[in-house]
Amino acid sequence: MQKFPLRLLWRYKVFVLIGFMIVAGQVFLAYKLLRMPLSGNESSAERDLSRKLYDKYVKRTAPGDNAPLEDRGKDTADATGRQGRSAARDDGKLQPNQHVLRLDELDFVPPCELTRKETVSAIHRAKSQSCKAKIVEVACEIQAGKFYPQRLPTFCPRGDHSPNRALGCFRDEKNFRLLSGYYSTFKTNNSPEKCIRLCLQSGYPFAGVQYGYECFCGDEVPKVSAKLPDSSCNIKCPGDPKQACGGYFTINVYETGIRKFAAQSTETVPKRADETVRIAFLLTLNGRAVRQVHRLLKALYSPRHYYYIHIDARQEYLYRELLKLESKFPNIRLARKRFSSIWGGASLLQMLLSCMEYLLYESGWQWDFVLNLSESDFPLKTVDQLVTFLTANRGQNFVRNHGREVQRFIQKQGLDMTFVECDNRMWRIGDRALPAGITIDGGSDWVCLSRDFARYVTGDGVGQRDELIQGLLRVFEYTILPAESFFHTALRNSRFCHTYTNNNLHMTNWKRQLGCKCQYRHIVDWCGCSPNNFRSEDWERLQASQHKKLFFGRKFEAMVNQAIVLQLEEWMFGPYPAEYPNLHAYWQNVYHHEDVATAADGALLNVANSLLRMNGRTSTEQLYEPGRIREITHYFERDTYRGFLVRHEAMQGTGWSELETWISPVVTAKVTRSTPLARRLIHLEVSTEYDEKEQLSRNFPRIIGTNAEPALIFRLAPPLETERVKGGNATNHSLAVEWIDPVGTIVAASHFTIEDSPTGPLHSFNHFLKGAGKLKLPLAEGVWGARLLQGKALLGATRFLVTEATFREGRTVENELLERHTHRQVLPVRRGSTANTATSKIRAKERKQHPVGHSGDRHDRADHWQEADDQQQVHQLNKLVSQFFSIRETCAVAGVERKELVRFVDCKSTSWSSLAADPKSDIDVESVTSN
């Protein structure tokens, strides 16, 4: 046989290469087409956002009784055809022999054998025996198959649709699918029943099976012209060989039993002159922002409406302050049955239903709508405008749909998994199948519900809920974020389905790149997203809501940006008077001596006591002896942190008074300006409690305890025009952070890279010490330093103070006066643990006069740590604290009559005191009627 001449191949090498590439491309495309869904829905490679985030942000630690555990197993496809389960599915990173429950850590005998990784991990991590027992009980009942209802009824009118009715075999087309709503595959167990269940759950009236393992869902009935003989659908179903599952571009179509859903449209003006509706505003509050809540109530208040306030059971201060409103306003009441509601917790739904039961059956109030709000909400329109809108849409129920495909929503929300709430945490213990027969829906947990529907879900006052609501309550009692799905699903499947309005009346500030940081992983085995706070730069977006059917915005937080709240108030109610007092000031309490259950910040109290001791004396005389701290309040002016205010007892001689002292942190950062990047460094600090979502530290005074994990936070200004890269491309900068302990030793160094955008607004970058170079806790007390470097070039440096994290009063009735004189309630400055700094090392370095390592500055340590007695350590703490905080002013609370204290002005006459005039945040009958 004559050989093929190689010279011809070489001559046409370009054509041969092109031909090879074409063939390879065709093979690759054919492979991808065989693996891809035929519709535009979620592909097998797409991962759910929550699972991605959980895998990205939850740190991996070695398994232990109390350590968070994770499983990072290979992705698998489950029986429903969902592929690519990410690592968020399993919360325990267990070794092969660790999925067996360790009975030695339980004080009870489990009623069943539990081997599921997620369940075992949750039991091991739970702290209390009662929580472990609850997880075991739920897991065993689920394992026995008697925990969740398998099927629930739907009471929404069906029209002429019948469940599971076969419509016949139809011709399908590749480019124009008969059922184009949703597509999935069930390789091994497809059947008409399985496909109908999926499509009904997703809210589609029609389901179709094709090519054996494919399932299609759609809203429109197939055209009669596409009808084929039944014999044209001749491929057996993998899950039921007795039935046909379509054929090659032929599809068996069935009715799911529901009609096509359409949310109700809304009117803007009432059709007739009916009596206007009354609203029950259900305020579910958390935190300590009492002044912000007052402003919210002032903006909402009308004597025609009702205000029922639930305050988290752990918030003592807020409850005490708002309880004062009941005596002033007959239509404002606080809930006495209170829940501890963690983010995403099942107790959130229990709390809402409990409050609705009170409003319906105990309050005696006659209202038409119940509308829930939080302390982070604020109106975008007046209450009169809201009343006009709701009157025009009387009887409707306002909820906001998720806006995505239902199956993707189910996975994103974790609705197909069981969560158990105990120990103030949501524990994920395994997968579950949602009940058949109903449509699943969900979205926002901020709703406005009619009185009739609220009565329906609460059981008509006698707790007699129908089978649908009883079953849904069982399901959502063990669901994360249950309020985001319960009301929606109940509406879609009840006789109230015709009142479903896809609008929760809210504008929400979603910035998912910032808001989806998995910030709640310490209280829930899941990752969710949270909205950002509106700021002044969002004003145009808020103004654009004027012509939309939106009446509230969220989130607003005065400690982040109060100016935007002020703009809204003046937009709705007109400008404040020119001489309005403290219009741009904001105060928020962070400590109150009456709080019992709330853990106090020991480092903050230690620093405050030290500063009060210094403030109570001059170089020549004793002004007063500081006593117990009563309150500590953060003070802001024009959205700038101005310091904290310490309200405290004071004694001179035998008389007692009450003072308030204003204290401000001192800036300790230094910038070298030695390089182009250093010249752009406009902010540098070390702090804790960094909020990645809001890009700020919530430790405003930068008081760092020995058990805290510090972070270096810095901000770069945009580059100058001459420094910008051609083409506008981003530049990567390799930086390093060095951490220096109180004796000058570099104890940790971390390297990282930031992407620097050449245009646009200021960009913040933060660095957390996790992984390599992690600091050992507890930190040594004293002055620390942090340096930011680019290569060998120092960009900037800062100092920060670490103080004892525990504050011990040790106060009794007998020794109270003695302790106030000797200051025994203040922990002295210690030298830290041996893991960081040894006493001998400190003193050796002192003898050598080694420079202290904060910012590279030399500091004389001859006076440091010379005596071990408490008095010397208190003196040492005073000296260190004075380097980082300055005492601004002191005023006297009302009732000071002693001549020795007349030098202090009345706090009410100042502009900075927490007792200064703040009429914008005061709520009384006169102020609300003037609105």
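Glu660 contributes a side-chain N or O that, together with a main-chain N or O of Ser914, makes up a donor-acceptor pair within less than 3.5 Å. Under the 3.5 Å distance criterion, the side-chain polar atoms of Asn331 are matched with a main-chain donor or acceptor of Ser302. No donor-acceptor pair closer than 3.5 Å links the side chain of Asp538 to the backbone N or O of Phe534. Remark: the backbone N or O of Asn286 is not paired with any side-chain donor or acceptor of Asp312 at under 3.5 angstrom. A distance-only check finds no donor-acceptor pair linking the side chain of Asp368 to the backbone of Ser450 [under 3.5 Å]. A side-chain donor-acceptor contact under 3.5 Å links Lys693 to the backbone of Pro531. Not a single donor-acceptor pair under 3.5 Å links the side chain of Arg278 to the backbone N or O of His305. Not one N or O on the side chain of Ser347 forms a donor-acceptor pair closer than 3.5 Å with the backbone of Gln350. Within the 3.5 Å criterion, the main-chain N or O of Ile629 finds no donor-acceptor partner in the side chain of His648. Although no hydrogens or angles enter the test, the distance criterion places no donor-acceptor pair under 3.5 Å between the side chain of Asn582 and the main chain of Ala585.
A salt bridge links Arg291 with Asp918: the closest approach of a Lys/Arg side-chain nitrogen to an acidic carboxylate oxygen falls below 4.0 angstrom. For Glu357 and Arg455, the salt-bridge test fails: no basic side-chain N is under 4.0 Å from an acidic carboxylate O. The residues Arg288 and Asp595 are annotated as salt-bridged, a charged nitrogen and a carboxylate oxygen being separated by less than 4.0 angstrom. The pair Glu631-Arg647 meets the salt-bridge criterion, since a charged nitrogen lies less than 4.0 angstrom from a carboxylate oxygen.
For the residue pair Pro665 and Pro701, the shortest heavy atom distance occurs at CB-O, 3.9 Å. The two residues Leu449 and Val447 have their closest heavy-atom pair at CG-CG2, 3.8 Å. For the pair Ser530 and Trp510, the tightest heavy-atom approach, listed with the atom from each and the gap, is C-CZ3, 3.6 Å. Nearest approach of Ala603 to Gly705, heavy atoms of both residues: CB-CA, 3.8 Å. Nearest heavy-atom pair across Asn532 and Gly515 is OD1-N, 3.7 Å. Closest heavy-atom contact between Lys298 and Pro919: NZ-O, 3.0 Å.
Side-chain atoms of Thr499 and Gln396 include no donor-acceptor pair closer than 3.5 Å. Between the side chains of Thr382 and Gln385, at least one donor-acceptor pair of N or O atoms lies under 3.5 Å. Side-chain N/O atoms of Asn397 and Thr501 include no donor and acceptor closer than 3.5 Å. In this model, no donor atom of one side chain and acceptor atom of the other lie less than 3.5 Å apart for Arg295 and Ser921. With hydrogens and angles left out, the side-chain atoms of Arg541 and Asn509 include a donor and acceptor closer than 3.5 Å. Side-chain atoms of Lys549 and Thr268 form no donor-acceptor pair, as typed in the model, at a separation below 3.5 Å. Using a 3.5 Å distance cut-off with no hydrogens or angles, the side chains of Glu557 and Asn533 do pair a donor with an acceptor. Under the 3.5 Å distance criterion, with hydrogens and angles disregarded, no donor-acceptor pair is assigned to the side chains of Ser374 and Lys555. A donor-acceptor contact under 3.5 angstrom links the side chains of Ser687 and Ser697, judged on distance only. A donor-acceptor contact closer than 3.5 angstrom is absent between the side chains of Tyr319 and Glu321.
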side-chain contact (heavy atoms from CB on, under 4.5 Å) evaluation trace for Val290 with Tyr317
CA-CA 9 Å; Val290 63; Tyr317 171 78; 3.8 Å; yes

For Glu569 and Tyr576, run side-chain hydrogen bond (donor to acceptor under 3.5 Å, both in side chains): C-alpha distance rounded to whole Å, both residues' side-chain angles, the deciding distance at 0.1 Å, then the answer.
CA-CA 9 Å; Glu569 288 176 330; Tyr576 282 97; 2.8 Å; yes

Full working for side-chain hydrogen bond (donor to acceptor under 3.5 Å, both in side chains) between Ser664 and Arg888
CA-CA 7 Å; Ser664 293; Arg888 302 288 298 273; 3.2 Å; yes

Test ring-ring contact (aromatic ring centres under 6.0 Å, His included) on Phe453 and Phe398; report intermediate values, then the result.
CA-CA 11 Å; Phe453 181 69; Phe398 297 87; over 10 Å; no

Any chance you could lay out the side-chain hydrogen bond (donor to acceptor under 3.5 Å, both in side chains) test for Thr633 and Tyr591, step after step, and finish with the verdict?
CA-CA 7 Å; Thr633 304; Tyr591 168 78; over 6 Å; no

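Aromatic ring orientation, Phe636 versus His634: perpendicular (interplanar angle above 60°, classes split at 30° and 60°). Classified by interplanar angle (parallel below 30°, tilted 30° to 60°, perpendicular above 60°), the ring pair Tyr358/Tyr308 is parallel. In this pair, Trp343 and Tyr520 present their aromatic rings parallel. The plane angle is below 30°, not in the 30 to 60° band.
The distance from the CD atom of Glu685 to the OH atom of Tyr690 is 9.0 Å, given to the nearest 0.5 Å. Rounded to the nearest 0.5 Å, atoms NE2 (His584) and NZ (Lys920) are 9.0 Å apart. Here NZ of Lys511 is found 10.5 Å from CD of Gln695. Values are rounded to the nearest 0.5 Å. Taking CG of Asn504 as the start and SG of Cys448 as the end, the distance is 9.5 Å to the nearest 0.5 Å. Rounding to the nearest 0.5 angstrom, the gap separating the CZ atom in Phe644 from the CG atom in Asn589 is 13.5 Å. Here the straight-line distance linking atom CG of Leu371 with atom CG of Leu386 works out to 6.5 Å at 0.5 Å rounding.
For the pair Glu889/Thr661, no side-chain contact is recorded, criterion being any heavy-atom separation below 4.5 Å from C-beta on. You'll find the side chain of Asp601 stays beyond 4.5 Å of the side chain of Leu605, heavy atoms only. At least one side-chain heavy atom of Leu353 sits under 4.5 Å from a side-chain heavy atom of Val457. With contacts defined as side-chain heavy-atom distances shorter than 4.5 Å, the pair Val370/Met356 qualifies. For the pair Val399 and Leu491, the minimum side-chain heavy-atom distance is below 4.5 Å. You'll find the side chain of Trp446 stays beyond 4.5 Å of the side chain of Arg400, heavy atoms only.
Put simply, the residue from Phe573, Tyr306, Tyr307 that forms a ring-ring contact (aromatic ring centres under 6.0 Å, His included) with Tyr301 is Tyr307. Among the candidates Glu649, Glu594, Glu658, the single residue satisfying the salt bridge (Lys or Arg N to Asp or Glu O under 4.0 Å) test with Arg628 is Glu649.
For CD of Glu537, the number of neighbouring non-hydrogen atoms (other residues, nucleotides, ligands) closer than 6.0 Å is greater than 12. Within a 6.0 Å sphere centred on CZ of Arg320, other residues, nucleotides and ligands contribute more than 12 heavy atoms.
Phe378 is linked by a ring pair (Phe, Tyr, Trp, His ring centres under 6.0 Å) to nothing, counting only residues two or more places apart in sequence or in another chain. Here Trp662 pairs with Tyr635, Trp912 under the ring pair (Phe, Tyr, Trp, His ring centres under 6.0 Å) rule; sequence neighbours left out.
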